[in-house]
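To start, the structure under review is shown below, and the notes come after it.
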Amino acid sequence: MEKLSVRLPDGSEMEHDRGTTVEEVAYDIGSRLGKDAVAGKVDGREVDLNYELEEDSDLEIITIDSEEGLDIYRHTASHIMAHAVKRIYDDVKLAIGPTIEEGFYYDLDLQESISEDELEKIEKEMEKINSEDLPIKRKELPRKEALKLMDEKNETYKIELIEELEDENISLYQQGDFIDLCQGPHLPSTGRLEAFKLLSVAGAYWRGDENNKMLQRIYGTAFPDQKQLEEYLKQRKEAQKRDHNKLGRKMDLFMTDQEVGAGLPLLTPKGAKVVQILQRFVEDEEEKRGYERTMTPLMARRDLYETSGHWEHYKDDMFVIGDEEKGEEVLALRPMTCPFQFKIYNSKIHSYRDLPVRFAETSTLFRNEASGEMHGLIRVRQFTISEGHLIVTPEQLEDEFRGVLKLINYMMETLGIKKDIWYRFSRWNPDKKEKYIDAPAAWRDSQEKMKNILDRLDLDYTVADGEAAFYGPKLDIQFKNVHGKEDTIITVQMDFALPERFDMTYVDEDNTEKRPYVIHRTSVGCYERTLAMLIEKYAGAFPTWLAPRQVMVIPISEAQYDYARKTAGILKSEGIRVDIDDSDEKLGYKIRQAQIEQIPYMLIVGDNEVQAETVSVRDRRDGDIGEMPLEDFKSMIKEEIDKKVSEIN
RNA sequence: GCUGACGUAGCUCAAUUGGCAGAGCAGCUGACUUGUAAUCAGCAGGCUACCGGUUCGAGUCCGGUCGUCAGCUCCA
């Protein structure tokens, strides 16, 4: 038998017979590795475990505990799911079935609509396919034959996909009578899947385009073993308990009302308090950093939006008032603050010495979101944002951009969310002409400028094409809600277009008029969304400085009411948000109420405390932390509030 | 806007094939005066989201509207 040499990632070399499979090599290295192997990488190319080595090569074994390995494993799960659906329903056409961060999905086109109750049935069929342990085989067919095969199977979506591939040979994977277009690699047989679960069904447009047919998407996940799957499901359930949309209502932070309308949350006193604290903090901080405050109208004539380009690129998202056909004046509620602050800038002639001009406004905006898009406090039709615009000379652009980022980072650190966010560089999509101002050269130039700044800042960021504002590229700060859905919380935008449209100028040293740059930015983004994020981050247990109620004084009986009032009065005079629970209940009950409300501190006062002029302090997390003089408690909580301590103990 | 699920007391949820709308918590009243996560008793609470239809009879079946949830599209 002819031999060949296999070089492993650690540099060592092994000798094997020609035709040895990747899996055999893995077992030869170690039985544990053989068991954990899901695929291999031969000379950097991913291959199946049953791939036969034909020549000397570099080999890496991909194991289930790597991200790559889990991905391959889940991809096989998605094939098994599609196979099961094909067995159960008639006329199923396959679209795409990729893996995602926490599992996989498959988009399918079928007449019948699959309801969530039917997932169990599909799971059962998957189990059957699993126990049949069908071998999964890779096949390569010439384009023509692959197209012919898919045509015979009436897989119109696959045909579309193959037609876009440039490869001579098309790779397919087959298990039993199920065959799918796929790059692979895959597990060697359907029996290798250990633990999986289908999670939900939803509609999804073919190729993500709303003009295309809506397909049925089934979401599922798979894990190397049952224990890990159960752990994941448990975590998922736990995370959903933090859902701001449930918790925020339960904790009486906000409400909605059918008669008021969708996407129009009402902040109740406690929620409004948190937002007020945030706003004051942001406004004070902006002032310290050289921002000037404006207050501008919530609506304007159509003409203003025609100048800004909103009328052309953003009209569908605006609330327009007044019917032109009836000869009425046409106004629109503002979706952004920029045009208004630009008007203020333009009301004067500016010297280069005036720049940078930094305008800030706690600004309420209106956007006519489509009906299915509203979500709790995260996606609403009216929101208030820590808006700001910096008008700068080209030379100042980078420094000011850095200054904005510094402010933003300070905000995120203070809110304790620095570790929960990531940066996204959002660029335009040249193909979507209607979405963006048509100025390709300016787009490329400003994106280049932004990229250079980001790279010089050594910022770790992802890139998203088609996520820019209509007037310029953005640096978005993203977070994930409890459902794993990504949203923008803060944004910094570079604008080359609106200074032009508004003919904004400054007079430079050489006495010529020049065009400034504009940076649009938010400090914490919109307060509603920020509140939602904080609810989920802290599971309702806000840091003391943000807590709508910071202290609850709990007298044990009526005998201590006077002392309780005195205690509360002293704290209140220090600006601490304190209440007394003088309900006719037992101590345990009152503590429970305060615990549920996540009030940071409970001060229990009985006869002992009255005698000693002390309070017994109960921390919402650590429980009873002992008796202390009121003065001591006062300075302790004041320090915590002043330092805006946000860490979870 | 699209796909699917859903809407019963303030909240969480029951109500058999269409046959008298019910419980716990919260609320109110009273008793209890309490030492670190739920004291007991009584009372009250409803045009079953809204509008229309089928039926002797609709919370339940059908149609529409509004709203909610998950996803898609869109987005701060």
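Proteins get letters first, then strands, A, B, ... in listed order; numbering begins at 1 in each. Just so we're clear, the structure is a prediction, and the values are computed from it rather than from any experiment.
- To the nearest 0.5 Å, the span separating CG on L199(A) from NZ on K197(A) amounts to 7.5 Å.
- Between the P atom of rC69(B) and the CG atom of L247(A) lies a distance of 15 Å, rounded to the nearest Å.
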Does Y471(A) form a ring-ring contact (aromatic ring centres under 6.0 Å, His included) with H520(A)? I'd like the steps, not just the answer.
CA-CA 10 Å; Y471(A) 45 74; H520(A) 306 235; 4.4 Å; yes

Could you run down nucleotides 35-50 of chain B 5' to 3' and tag each one B, S or - for protein heavy-atom contact under 4.0 Å?
BBBBB-----------

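- Note on G626(A): nothing from the nucleic acid sits closer than 4.0 angstrom, heavy atoms only.
- In this structure S371(A) satisfies the side chain to side chain donor-acceptor pair (under 3.5 Å) test with no other residue, sequence neighbours excluded.
- Side-chain contact, T294(A) with E361(A): a donor N or O sits under 3.5 Å from an acceptor N or O.
- The P atoms of rC11(B) and rG27(B) are separated by 15 Å, rounded to the nearest whole Å.
- In this structure, R217(A) is positioned above the aromatic face of Y105(A), its NZ or CZ under 6.0 Å from the six-membered ring centre and within 45° of the axis.
- rG7(B) sits 15 Å from rC51(B) when the C1' atoms are compared, rounded to a whole Å.
- Taking the P atoms as reference points, rU12(B) lies 15 Å from rA70(B), given to the whole Å.
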Mind listing the N/O atom pairs, protein and nucleotides 10-12 of chain B, below 3.5 Å?
none

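- If you measure from atom CE of M255(A) to atom C1' of rG67(B), you get 13 Å, rounded to the nearest angstrom.
- K237(A) has its NZ atom 17 Å from the P atom of rA70(B), to the nearest Å.
- Shown here are the side chain to side chain donor-acceptor pair (under 3.5 Å) partners of E123(A), two or more places apart in sequence or in another chain: there are none.
- Rounding to whole angstrom units, CG of residue D257(A) and C1' of rU68(B) are separated by 13 Å.
- Qualifying side chain to side chain donor-acceptor pair (under 3.5 Å) partners for R289(A), counting only residues two or more places apart in sequence or in other chains: E285(A).
- Here the closest heavy-atom approach between residue Y527(A) and residue S386(A) is recorded as OH-CB, 3.5 Å.
- Taking atom CG on D252(A) and atom P on rG27(B), their separation rounds to 13 Å, with Å as the unit.
- The list of salt bridge (charged side-chain N to carboxylate O under 4.0 Å, His left out) pairs with a residue in residues 243-266 of chain A, not counting sequence neighbours, is empty.
- One interatomic measurement links the two molecules: CH2 of W206(A) to C1' of rC2(B), which rounds to 18 Å at whole-angstrom precision.
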Protein within reach of the bases, or only the backbone? For nucleotides 71-76 of chain B, mark each nucleotide 5' to 3' as B, S or -, using heavy atoms under 4.0 Å.
BBBBBB

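- Phosphate contact (OP1/OP2 of rG4(B), side-chain N/O of S115(A), threshold under 4.0 Å): absent.
- The separation of rU16(B) from rG52(B), taken at their P atoms, amounts to 26 Å, rounded to a whole angstrom.
- Rounded to whole Å, the P atom of rG45(B) lies 42 Å from the corresponding atom of rU3(B).
- The salt bridge (charged side-chain N to carboxylate O under 4.0 Å, His left out) pairs that include a residue from residues 550-568 of chain A are D562(A)-R565(A), K566(A)-E613(A), where partners are two or more places apart or lie in different chains.
- Q258(A) meets the side chain to side chain donor-acceptor pair (under 3.5 Å) test with no other residue; sequence neighbours excluded.
- For the pair R334(A) and F340(A), the cation-pi criterion (under 6.0 Å, within 45° of the ring axis) is fulfilled.
- When the P atom is used for both rC47(B) and rU39(B), the distance is 32 Å, rounded to whole Å.
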With pairs defined as Watson-Crick or G-U wobble and both distances under 3.5 angstrom, please note down RNA chain B as a dot-bracket string, | for pairing with another strand.
(((((((..((((.....[..)))).(((((.......))))).....(((((..]....))))))))))))....

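- In this structure, the CD atom of E597(A) is 17 Å from the C1' atom of rC25(B), given to the nearest Å.
- Residue whose closest nucleotide on RNA chain B sits further toward the 5' end, between G376(A) and L215(A): L215(A).
- In summary, the side chains of E387(A) and S363(A) do not present any donor paired with an acceptor at a separation below 3.5 Å, with no hydrogens or angles considered.
- Within the structure, the salt bridge (charged side-chain N to carboxylate O under 4.0 Å, His left out) test picks out the following pairs touching residues 522-534 of chain A (sequence neighbours left out): D487(A)-R529(A).
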Side chains of residues 269-281 of chain A: which donor-acceptor partners sit under 3.5 Å, not counting sequence neighbours?
| unit_1 | atom_1 | unit_2 | atom_2 | d |
| --- | --- | --- | --- | --- |
| K273(A) | NZ | Q276(A) | OE1 | 2.8 |

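- As a whole-Å value, the separation of L119(A) CG from rG4(B) C1' is 11 Å.
- Taking atom C1' on both rA9(B) and rG59(B), the two are 14 Å apart, rounded to the nearest angstrom.
- Nucleotides rA23(B) and rG18(B) have their C1' atoms positioned 23 Å apart, rounded to a whole Å.
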